[in-house]
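In this text, all values refer to a predicted model and were calculated from it rather than measured experimentally.
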Amino acid sequence: MTHVTRLRNAYRRIRRIVDGLRGKDLWQSAQRRCPKISLGNPGTCWCVCPEGLTETSVIYSIGVGQEISFDLEMMRRFRLEVHAFDPTPRSIQWVRSQVLPEKFVFHPYGVADHDGMGRFLPPKNPAHVSHTLLSRETPWPAIEVPVYRLATIMSMLGHPRIDVLKMDIEGAEYGVLADTLTCGIRPEQILVEFHHRWPEVGVEKTRRAIAGLNNAGYRLFDVSASGEEYSFKLS
């Protein structure tokens with residue numbers, strides 16, 4: 001870790017403490033220890049526990065955008081296959097324009113808490129890629145794309161289990177997590193970006209999501225310096 005990165009992370013932690021005192025952020029410490037490694041480009045990396053990961057592990061990476069450094073590093077390090085999901089047109093176009101390893105398997109549909117069509121709203125900034133299922137103000141029209149529940153996708157792909165579930169789905173993570181736990185699906189690890197800083201979401205949703213994961217047997221083993229990416233492991 002470079003000196004600049006350490007300073008940046010220290011600033012982020014201080015900002016999180018201040019925002020937490022103002023009720024705009026959540027300060028949640030790790031709940032268990034385990035070996036962990038951070039994979040991916042600086043600013044877009046994810047923390048994963050390498051224990052038990054092999055070339056037969058099933059990895060779901062939900063929410064691709066135009067950044068797959070974590071996925072590529074997982075494939076390189078563990079020689080495994082990554083199933084990636086994103087229904088947004090720019091992401092689909094970007095993935096199809098890349099020369100990618102055979103073990104990067106892309107699915108051009110979304111993940112939600114229901115099967116059918118999802119109404120995705122684009123970002124206010126047209127230079128950004130990520131769309132959201134949440135209602136928000138934007139000058140651009142919504143798009144209708146196919147979405148499936150995690151249980152449906154696992155059945156479609158013939159996967160009886162998931163070893164690592166990584167989600168960055170712009171506020172839809174709360175519904176997907178609740179539906180996943182209700183269905184009895186228990187990925188060995190869940191890496192999720194929570195969006196409680198969005199005014200239409202709020203801190204309480206993340207608190208409830210963490211409590212639900214804890215009740216299902218998950219314990220938090222890492223929180224990123226930005227306070228956005230959370231890594232859980234099944235106890």
Side-chain angles (χ1 to χ4, degrees), residues 46 58-65 68 71 82-93 95 105-124 128-138 140-218 228-232 234:
W46 293 83
V58 178
I59 313 299
Y60 280 18
S61 179
I62 305 174
V64 171
I68 58 171
D71 311 79
V82 171
H83 288 267
F85 306 82
D86 200 307
T88 55
R90 284 183 61 186
S91 180
I92 295 170
Q93 183 180 18
V95 169
V105 184
F106 181 72
H107 305 278
Y109 49 80
V111 181
D113 58 3
H114 67 280
D115 296 328
M117 299 298 289
R119 184 173 182 269
F120 276 65
L121 287 164
K124 291 182 179 180
H128 295 167
V129 177
S130 299
H131 288 51
T132 181
L133 284 168
L134 299 184
S135 297
R136 67 179 177 190
E137 292 185 8
T138 174
W140 317 108
I143 60 173
E144 296 278 340
V145 298
V147 295
Y148 299 99
R149 301 167 71 200
L150 199 60
T152 303
I153 293 172
M154 292 174 68
S155 178
M156 290 165 56
L157 300 181
H159 292 145
R161 73 178 198 283
I162 301 174
D163 294 284
V164 177
L165 171 65
K166 187 226 81 179
M167 289 195 298
D168 181 4
I169 50 177
E170 307 302 303
E173 63 271 12
Y174 303 98
V176 171
L177 284 172
D179 182 63
T180 296
L181 298 181
T182 298
C183 290
I185 299 170
R186 296 293 185 271
E188 187 64 27
Q189 297 184 55
I190 295 177
L191 320 180
V192 57
E193 179 173 331
F194 285 125
H195 291 79
H196 49 261
R197 292 175 183 166
W198 289 12
E200 58 266 43
V201 177
V203 172
E204 191 53 38
K205 271 198 170 184
T206 296
R207 285 201 183 99
R208 289 199 299 266
I210 293 172
L213 287 166
N214 287 166
N215 290 338
Y218 288 93
E228 296 174 336
E229 294 82 21
Y230 289 65
S231 298
F232 297 86
L234 197 59

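Without hydrogens or angle criteria, Arg149 side chain to Val111 main chain gives no donor-acceptor distance under 3.5 Å. Side-chain atoms of Tyr230 never come within 3.5 Å of backbone atoms of Ile190 as a donor-acceptor pair (strictly under, hydrogens ignored). Under a 3.5 Å cut-off, the side chain of Asp163 and the backbone N or O of Glu188 do not form any donor-acceptor pair. Panel note: side chain Gln93, backbone Ser91; no donor-acceptor pair is recorded below 3.5 Å.
With Tyr174 as reference, Thr206 is the one residue of Thr206, Asp113, Asp179 to meet the side-chain hydrogen bond (donor to acceptor under 3.5 Å, both in side chains) rule. Evaluated for a side-chain contact (heavy atoms from CB on, under 4.5 Å) with His83, the options Leu157, Asp71, Ile62, Ile59 yield exactly one hit, Leu157.
Side-chain contact between Trp140 and Leu121 is absent, with no heavy-atom pair separated by less than 4.5 Å. Within the 4.5 Å cutoff, the side chain of Thr88 has no heavy atoms near those of the Val145 side chain. By the 4.5 Å heavy-atom criterion applied to side chains, Phe232 and Leu177 are not counted as neighbours. Annotation: side chain of Ile153 is in contact with side chain of Tyr109 (closest heavy-atom distance under 4.5 Å). Taking 4.5 Å as the limit, every side-chain heavy atom of Phe194 sits out of range of all side-chain heavy atoms of Arg207. His195 is listed as a side-chain neighbour of Glu170, based on a closest heavy-atom distance under 4.5 Å. Leu150 is listed as a side-chain neighbour of Ile162, based on a closest heavy-atom distance under 4.5 Å. Counting only heavy atoms from C-beta outward, the side chains of Arg186 and Thr180 never approach each other to under 4.5 Å.
Taking both residues in full, the closest heavy atoms of Ala151 and Cys183 are given as CB-SG, 4.3 Å, listed atom of the first, atom of the second, then distance. Nearest heavy atoms, Leu133 versus Ala172: CD1-CB, 4.0 Å. The shortest non-hydrogen separation linking Pro146 to Pro87 is O-CB, 4.4 Å. Closest heavy-atom contact between Val147 and Gly118: CG2-N, 3.9 Å. Between Ser61 and Val82, the shortest heavy-atom distance links the atoms CB-CG1, 4.0 Å. Shortest non-hydrogen contact noted between Val95 and Phe106 is CG1-CG, 3.8 Å.
Heavy-atom contacts from other residues, nucleotides or ligands closer than 6.0 Å to CZ of Arg119 number 12 or fewer.
Atoms CZ and OG1, on Phe120 and Thr132 in that order, are 7.5 Å from each other to the nearest 0.5 Å. In this structure, NE2 in His107 is found 7.0 Å from OH in Tyr60, a value given to the nearest 0.5 Å. Atom CD in Glu193 sits 11.0 Å away from atom CE in Met167 (nearest 0.5 Å).
For Lys166 and Asp168, the salt-bridge test fails: no basic side-chain N is under 4.0 Å from an acidic carboxylate O. Ion pairing between Arg197 and Glu228 holds under the 4.0 Å rule for side-chain N and carboxylate O.
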